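Only a predicted model underlies this, so the values are computations on that prediction, with no experimental measurement involved. Each chain gets a letter, A, B and so on, in the order the sequences are listed, and its residues count up from 1.
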There are 2 protein chains.
Amino acid sequence: METTLPLYEPDVLNVNCRSRLAFDVVSDKWTPLVVYALRRGGRRYNQLRRDVGGVSAKMLSQSLRRLEADGLVERRVTPAVPPEVEYRLTPLGSTLLTPISVLVAWAEDHYLDVERHRAAGGATRP
Amino acid sequence: METTLPLYEPDVLNVNCRSRLAFDVVSDKWTPLVVYALRRGGRRYNQLRRDVGGVSAKMLSQSLRRLEADGLVERRVTPAVPPEVEYRLTPLGSTLLTPISVLVAWAEDHYLDVERHRAAGGATRP
DNA sequence: CTGGATCCTATCCGATACTG
DNA sequence: CAGTATCGGATAGGATCCAG
């Protein structure tokens with residue numbers, strides 16, 4: 001026995017294609033941050049940009065379009081001057097908040113451990 | 001109130017720097033896959049390469065060195081011919097398995113939903 | 001305000017070749 | 001087996017300008 005954690009065991013040992021989806025969706029610089037920023041409900045474009053912080057307009061658009069295409073985010077336009085566009089998580093998208101929140105909780109718990117190791121590290125291997 | 005899910009609430013609304021760590025570690029193409037592939041215990045370099053699947057030697061080395069520097073993976077060399085190098089999760093690294101497993105579980109649950117939407121999607125917005 | 005279009009650069013990353 | 005070094009194409013991503 002190598003680990004006592006209650007792990008999810010999909011296949012024998014390899015990473016199957018269903019699991020890959022999770023890494024596909026999350027292994028992007030901005031997408032998970034955008035989802036996380038939408039956890040409280042609908043947000044508008046420039047609000048999102050400020051919330052996420054450091055994302056360019058181009059990348060935010062790209063992430064949002066991708067999330068829309070995956071059915072995780074819904075785009076709701078209110079015709080007005082100036083135009084109002086609100087993005088919100090779909091029910092499916094909301095289910096992603098659970099894994100992401102667990103991840104954020106992990107970071108809160110182990111932030112210092114990793115930071116300390118990074119600072120001291122580098123000298124670990126020639 | 002916008003959502004009834006039991007969400008982790010770090011700050012007012014923005015994504016704080018501690019949370020960023022989580023996205024930093026995970027928002028990489030290979031790193032989370034490598035951690036996940038190590039869930040059962042120590043693996044050797046080429047074993048890992050086969051397990052992860054599709055990763056080049058260069059990228060695997062890079063990910064492993066980074067994980068080492070972050071204190072998430074330990075590199076254990078057994079002097080022998082041919083040389084034996086085993087990678088295994090540190091206790092700290094093992095804690096990452098929980099978020100990753102939750103993520104994988106999510107993918108198992110919602111794989112078809114996302115796939116279906118991707119196939120039908122694209123026509124959603126002009 | 002909400003973006004699309006364009007240009008340009010930094011980096012990612014795979015292929016190949018080579019070392020111990 | 002377990003890597004490192006280098007090259008070169010692909011892609012990510014920022015800056016800027018412009019439109020509805």
Quick one: list whatever passes side-chain hydrogen bond (donor to acceptor under 3.5 Å, both in side chains) with A:Gln62, sequence neighbours left out.
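For A:Gln62 there are no side-chain hydrogen bond (donor to acceptor under 3.5 Å, both in side chains) partners, ignoring immediate neighbours.
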A:Glu84: what forms a side-chain hydrogen bond (donor to acceptor under 3.5 Å, both in side chains) with it, not counting sequence neighbours?
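With sequence neighbours excluded, A:Glu84 shows a side-chain hydrogen bond (donor to acceptor under 3.5 Å, both in side chains) to no residue whatsoever.
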Spacing between [X] atom [atom1] and [N] atom [atom2], to the nearest angstrom:
{"X": "A:Arg49", "N": "C:dG3", "atom1": "CZ", "atom2": "C1'", "result": "10 Å"}
{"X": "B:Tyr45", "N": "C:dG20", "atom1": "OH", "atom2": "P", "result": "18 Å"}
{"X": "B:Arg66", "N": "D:dG3", "atom1": "CZ", "atom2": "P", "result": "19 Å"}
{"X": "A:Arg43", "N": "C:dT2", "atom1": "CZ", "atom2": "C1'", "result": "16 Å"}
{"X": "A:Glu86", "N": "C:dC1", "atom1": "CD", "atom2": "C1'", "result": "14 Å"}
{"X": "B:Leu60", "N": "C:dG14", "atom1": "CG", "atom2": "P", "result": "11 Å"}
{"X": "B:Asn46", "N": "D:dC1", "atom1": "CG", "atom2": "P", "result": "5 Å"}
{"X": "B:Arg76", "N": "D:dA2", "atom1": "CZ", "atom2": "P", "result": "15 Å"}

May I ask you to evaluate whether [X] reaches the phosphate of [N], defined as a side-chain N or O under 4.0 Å from OP1 or OP2?
{"X": "A:Arg75", "N": "C:dT2", "value": "no"}
{"X": "B:Arg65", "N": "D:dG3", "value": "no"}
{"X": "A:Ser61", "N": "C:dG4", "value": "yes"}
{"X": "B:Arg44", "N": "D:dC1", "value": "no"}
{"X": "A:Tyr87", "N": "C:dC1", "value": "no"}

Do B:Leu21 and A:Arg118 touch side chain to side chain, with heavy atoms closer than 4.5 Å?
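A side-chain contact exists here, since the closest heavy-atom pair is under 4.5 Å.
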Can you find a heavy atom in the side chain of A:Trp106 that is under 4.5 Å from one in the side chain of B:Leu96?
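The answer is yes, as the side chains (C-beta and beyond) meet within the 4.5 Å cut-off.
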Between B:Glu68 and B:Arg65, does the salt bridge (Lys or Arg N to Asp or Glu O under 4.0 Å) criterion hold? Intermediate values first, please.
CA-CA 5 Å; B:Glu68 231 189 313; B:Arg65 266 185 274 117; over 6 Å; no
Test the A:Arg39-A:Tyr36 pair against the cation-pi criterion, namely NZ or CZ under 6.0 angstrom from the six-membered ring centroid and within 45° of the ring axis.
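Output yes; distance and angle both within limits.
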What pairs of nitrogen or oxygen atoms, one from the protein and one from nucleotides 12-19 of chain D, lie under 3.5 Å apart?
{"from": "D:dG13", "atom 1": "N7", "to": "A:Lys58", "atom 2": "NZ", "distance (Å)": "2.9"}
{"from": "D:dG13", "atom 1": "O6", "to": "A:Lys58", "atom 2": "NZ", "distance (Å)": "3.2"}
{"from": "D:dG14", "atom 1": "OP2", "to": "A:Ser56", "atom 2": "OG", "distance (Å)": "2.8"}
{"from": "D:dG14", "atom 1": "O6", "to": "A:Lys58", "atom 2": "NZ", "distance (Å)": "2.5"}

Examine distances only and state if a side-chain atom of B:Tyr111 and a backbone atom of A:Arg20 form a donor-acceptor pair shorter than 3.5 Å.
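Side chain of B:Tyr111 to backbone of A:Arg20: no pair is present.
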